[in-house]
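Please read the structure below before turning to the comments.
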Amino acid sequence: MTKVLVLHSVSLVGSALAALLRSEGDFDVTSTGWHTAARRAETLCPDVTVVDVDCPGATAVLAGDGRSRRRVLAPPTPLLVLATAGTPGTLGRAFQAEARGYVDKDGSPGRLVRAVRKLAAGERFIDASLASAFMEADPVPLSARELSVLARAAEGDSVAEIARALHLASGTVRNYMAAVTRKTGARNRIDAIRISRRKGWV
């Protein structure tokens, strides 16, 4: 049996994806949200982890949220992302997170099944429909830690809340936000979030 972990912020969608994969008969599938992702990944040791990169909260997981990135996304567990061609910035984030598979959400369900099988066999998978989006993706100038701080800020977290969640000092969080503002050419924190959302980084 191929063990698959599906991460999605919407329980109903995650459950539907899990049901689709279970119907194949040779997938042992678990679906969970972001908050329990690290614990589930550590317990299950999945052969493939599936993430919808357009979900709220996905940026924090892809970029590294506290201690969870190493447990959830780091090799040797292959990462398979669900994306759309219209959001090249999310593909750039997934590439930075060392994703090995890219499935177009506008494609057929069979593409997801095929991609899981390929990643479990140690191969890569990229939907042809996403190739042009890869070419259009702007390089992300932010580090993984800067992205994780920015993602939390974009969700409305205060400096203190970001510091607690990422196990950082408040001053360090402010330094990261200052770097984000500078690198994005923004006027302030709100402008940095707006620019980053437009480019698909958060």
Side-chain angles (χ1 to χ4, degrees), residues 5-11 13-14 32-43 49-75 77 79-84 86-100 102 133-134 136-202:
L5 177 62
V6 176
L7 303 181
H8 205 289
S9 61
V10 180
S11 179
V13 177
T32 191
W34 308 134
H35 296 302
T36 57
R39 188 166 62 252
R40 286 295 183 92
E42 189 174 24
T43 302
T49 298
V50 179
V51 179
D52 183 340
V53 294
D54 294 325
C55 287
T59 297
V61 175
L62 287 172
D65 188 1
R67 302 188 184 98
S68 67
R69 181 178 189 272
R70 185 166 298 281
R71 294 180 181 173
V72 179
L73 301 178
T77 302
L79 173 64
L80 172 63
V81 298
L82 308 178
T84 56
T87 55
T90 60
L91 292 172
R93 293 203 313 269
F95 184 78
Q96 280 194 330
E98 301 177 37
R100 296 183 60 81
Y102 303 82
F134 264 111
E136 296 168 10
D138 291 332
V140 181
L142 308 178
S143 69
R145 181 59 86 183
E146 288 164 352
L147 276 172
S148 63
V149 168
L150 179 62
R152 290 258 174 198
E155 291 173 11
D157 287 2
S158 67
V159 169
E161 288 169 333
I162 296 171
R164 277 196 304 274
L166 302 183
H167 311 284
L168 299 170
S170 293
T172 303
V173 171
R174 290 190 187 90
N175 289 340
Y176 278 127
M177 281 307 305
V180 167
T181 302
R182 184 180 70 255
K183 288 182 179 181
T184 57
R187 296 184 303 274
N188 51 42
R189 169 177 165 164
I190 294 173
D191 194 34
I193 292 170
R194 180 188 61 78
I195 291 170
S196 299
R197 279 181 171 157
R198 189 183 71 234
K199 291 182 175 290
W201 298 339
V202 295

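Just so it is clear, the structure is predicted and the values come from calculations on it, not from any experiment.
The line from CG of L80 to CZ of R100 is 11.5 Å long, rounded to the nearest 0.5 Å. Distance check, rounded to the nearest 0.5 Å: CG of D52 to OG of S9 gives 7.5 Å. The line from CG of L150 to CD of E155 is 10.0 Å long, rounded to the nearest 0.5 Å. Remark: T172 OG1 to H167 NE2 distance equals 13.5 Å, nearest 0.5 Å. Within the model, atoms OG1 of T184 and CD of E146 stand 10.0 Å from one another, a figure rounded to the nearest 0.5 Å. A distance of 12.0 Å separates CD1 in I190 from CD1 in I195, rounded to the nearest 0.5 Å.
Contact annotation: the side chain of V180 never approaches that of V149 to less than 4.5 Å [non-hydrogen atoms, C-beta and beyond]. Looking at heavy atoms from C-beta onward, L7 lies out of side-chain contact with R40 at the 4.5 angstrom threshold. Between L168 and Y176 there is a side-chain heavy-atom pair separated by less than 4.5 Å.
Taking both residues in full, the closest heavy atoms of A153 and I162 are given as N-CD1, 3.8 Å, listed atom of the first, atom of the second, then distance. Here the closest non-hydrogen pair linking P141 and K183 is O-CD, 3.4 Å. V159 and S170 get closest at one heavy-atom pair: CG1-O, 3.7 Å. Across every non-hydrogen atom of G14 and H8, the tightest pair is CA-CB, 3.9 Å. Shortest non-hydrogen contact noted between A169 and A163 is C-CB, 4.1 Å.
With sequence neighbours excluded, no residue satisfies salt bridge (charged side-chain N to carboxylate O under 4.0 Å, His left out) with R182. Every residue meeting the side-chain hydrogen bond (donor to acceptor under 3.5 Å, both in side chains) condition with T36, not counting sequence neighbours, appears here in chain and number order: T32. In terms of the side chain to side chain contact (heavy atoms under 4.5 Å, CB included) criterion, residue partners of T181 (sequence neighbours excluded) are, by chain and number, A186, A192. Checked against side-chain hydrogen bond (donor to acceptor under 3.5 Å, both in side chains), D191 has the following partners two or more places apart in sequence or in another chain: R194.
Sorted by first and then second residue, the salt bridge (Lys or Arg N to Asp or Glu O under 4.0 Å) pairs with a member in residues 160-174 form an empty list; sequence neighbours excluded.
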